[in-house]
Protein chains: 2
Amino acid sequence: MTDRPSFKARQFQAREDAILDAANRLLGEKGYDLMSLDDIAAEVGIAKGSVYKHFPSKEALAAATMTRLLNRTVEEARGLPTAAPAIDRLRALLGWCLRERMAGGVPRLPSTSPGLQSSLLDHLGYLDAMEALDTMLTAWVDEARADGALRDDLPVAVVLFTIYARSCDPTLEFLRAAGEWSDDEIVAFMVDTCFAGIGKAPAPAAGSTGVEASGAVAQLG
Amino acid sequence: MTDRPSFKARQFQAREDAILDAANRLLGEKGYDLMSLDDIAAEVGIAKGSVYKHFPSKEALAAATMTRLLNRTVEEARGLPTAAPAIDRLRALLGWCLRERMAGGVPRLPSTSPGLQSSLLDHLGYLDAMEALDTMLTAWVDEARADGALRDDLPVAVVLFTIYARSCDPTLEFLRAAGEWSDDEIVAFMVDTCFAGIGKAPAPAAGSTGVEASGAVAQLG
DNA sequence: GTCTATACTGAGATAGAC
DNA sequence: GTCTATCTCAGTATAGAC
């Protein structure tokens, strides 16, 4: 049962990973419909036809790419210290997503491509990962609320989607293009404005709820 | 000089508006590269070839559509009561953008389609409108800051892009799909969380800076 | 200026040799 | 399984009749 895979099998797997890496990068750079299989094949250095030995269609390839990414996010979330307050874990995870985007180019939201979206719903692994992430984050939000670190006058969905949207927010590219701030500063700005907003809070009491010093906490992970 | 246009000329203009309307809706629904000229022609009820009598290319059509939309936004901004505090005008404009999206489907950010982006930069009218909007909103942000209604520890660009990004934020569609809130509630949530954030502000002093009662103000326009 | 018909291109997917 | 070559089709853009 636990035979170690043959050389050819490992080579095959390595190539599949390379395809996923390329797809991940190109999805982030060009988006789903502008990314062609020629691009992928060229970047990996294989023939276009060979891609179909790994994935039956472009949509399936994209779905597998998104699934891998989502699973990594779940993994990252699971790895965060459970001792830390939930609010800090939420911040840290958002910061991690943003730094991932800066590093490799991360696919945008499924909603940008209606065709892809339906394909994702067929992909069981994607749905599983999505549900796992959703369950975990919902629990974190509840916990952060109970700690008094999150507003309790907003529906949980509003809070979750707001964080989710910020992780894909083009503000990142715009600020980067401006060239006036470091990557770490940009991440701090984005995490901070997501949680604290851009409006000035009236006279914060010193050291009360942990909303202060928000930028630094994004580095927690 | 001020001859009123002939019947044929007005008919031509009306058709051009119809083309722009269709392009506006379809860009919002499918995005640039999934929108075909067949779709446009079908929706307007004319032949595909006829579109080229109005616009020399698909990119030019898209650029004209985006320009019209941007000009309308500038117009809306100019029409807001100058007597109102700058922070309320910012809120109102964001609310207007979100309600426009709900009504007609508004094209997403240019950044979603690299090919289109370069075309926009060639389109002089687009750049003019963009600069006009940017100038006006920068002034508003400065004003709102001076009023103490916006954080002054953030760069202006961070504030502006955060608002801009929220106007295109897919959270709108997600909340709508959930079907639990009215359109007005969703707009209020999104404007409110943009300015006030999702974190709970520590012990707000009553009636101090106008950050409270945030949702309702979005209806100001 | 609007229509129908068509040329041309890029890209997803498949077939067949090795 | 991987390659080269090819099929197919959608979609942009153009030509030519009226």
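Just so it is clear, the structure is predicted and the values come from calculations on it, not from any experiment. Chain letters run A, B, ... following the sequence lines, proteins first, then strands; residues in each count from 1.
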Measure from the side chain of A:D38, starting at C-beta and using heavy atoms only, and say which of C:dT2, C:dG12, D:dT12 lies closest. C:dG12
Return the value, rounded to whole Å, for the distance between atom CZ of B:F55 and atom P of C:dG1. 14 Å
Can you confirm whether the side chains of B:R166 and A:T162 place a donor and an acceptor under 3.5 Å from each other? yes
OP1 or OP2 of C:dG12 sitting under 4.0 Å from any side-chain N/O of A:K58? yes
Counting heavy atoms from C-beta on, name the nucleotide in C:dG1, C:dG12, D:dT2 closest to the side chain of A:F12. D:dT2
Are the charged groups of B:E100 and B:R72 less than 4.0 angstrom apart, N to O? no
Nearest whole Å is fine: how far is D:dT12 C1' from B:L34 CG? 15 Å
Check whether any side-chain N or O of A:S50 sits under 4.0 Å from OP1 or OP2 of D:dG1, and answer yes or no. no
Salt bridge present between A:R68 and A:D21 (N-O < 4.0 angstrom): yes
Go through C:dG12, D:dT2, C:dG1 for me and flag the one nearest to the A:K53 side chain. D:dT2
B:K8 near the nucleic acid: base, sugar-phosphate alone, or nothing, with a heavy-atom cut-off under 4.0 Å? nothing
What is the distance from CG of B:D33 to C1' of D:dG11, rounded to the nearest Å? 12 Å
For D:dT2, does OP1 or OP2 lie under 4.0 Å from any side-chain N or O of A:R15? yes
In whole angstrom, give the distance that lies between atom NZ of A:K48 and atom P of C:dG12. 7 Å
Look at the side chain of A:A47 and decide which nucleotide, out of C:dT2, D:dT4, D:dA13, has an atom nearest to it. D:dT4
Strictly below 4.0 Å, N to O, side chains only: are B:D17 and B:R10 in salt-bridge contact? no
Does A:K58 qualify as a cation-pi partner of A:Y32, given the criterion of NZ or CZ under 6.0 Å from the six-membered ring centre and within 45 degrees of its axis? yes
Starting from P on C:dG10, measure out to CG on A:D39 and report it in whole angstrom. 13 Å
Is the phosphate of D:dG1, meaning OP1 or OP2, less than 4.0 Å from a side-chain N or O of A:H54? no
Could you tell me the separation between the CD atom of A:E59 and the C1' atom of C:dA11, rounded to a whole number of Å? 14 Å
Rounded distance in Å - OH (B:Y32) to C1' (D:dG11): 11 Å
Rounded to whole Å, how long is the line connecting atom CE of A:M35 with atom P of C:dA11? 12 Å
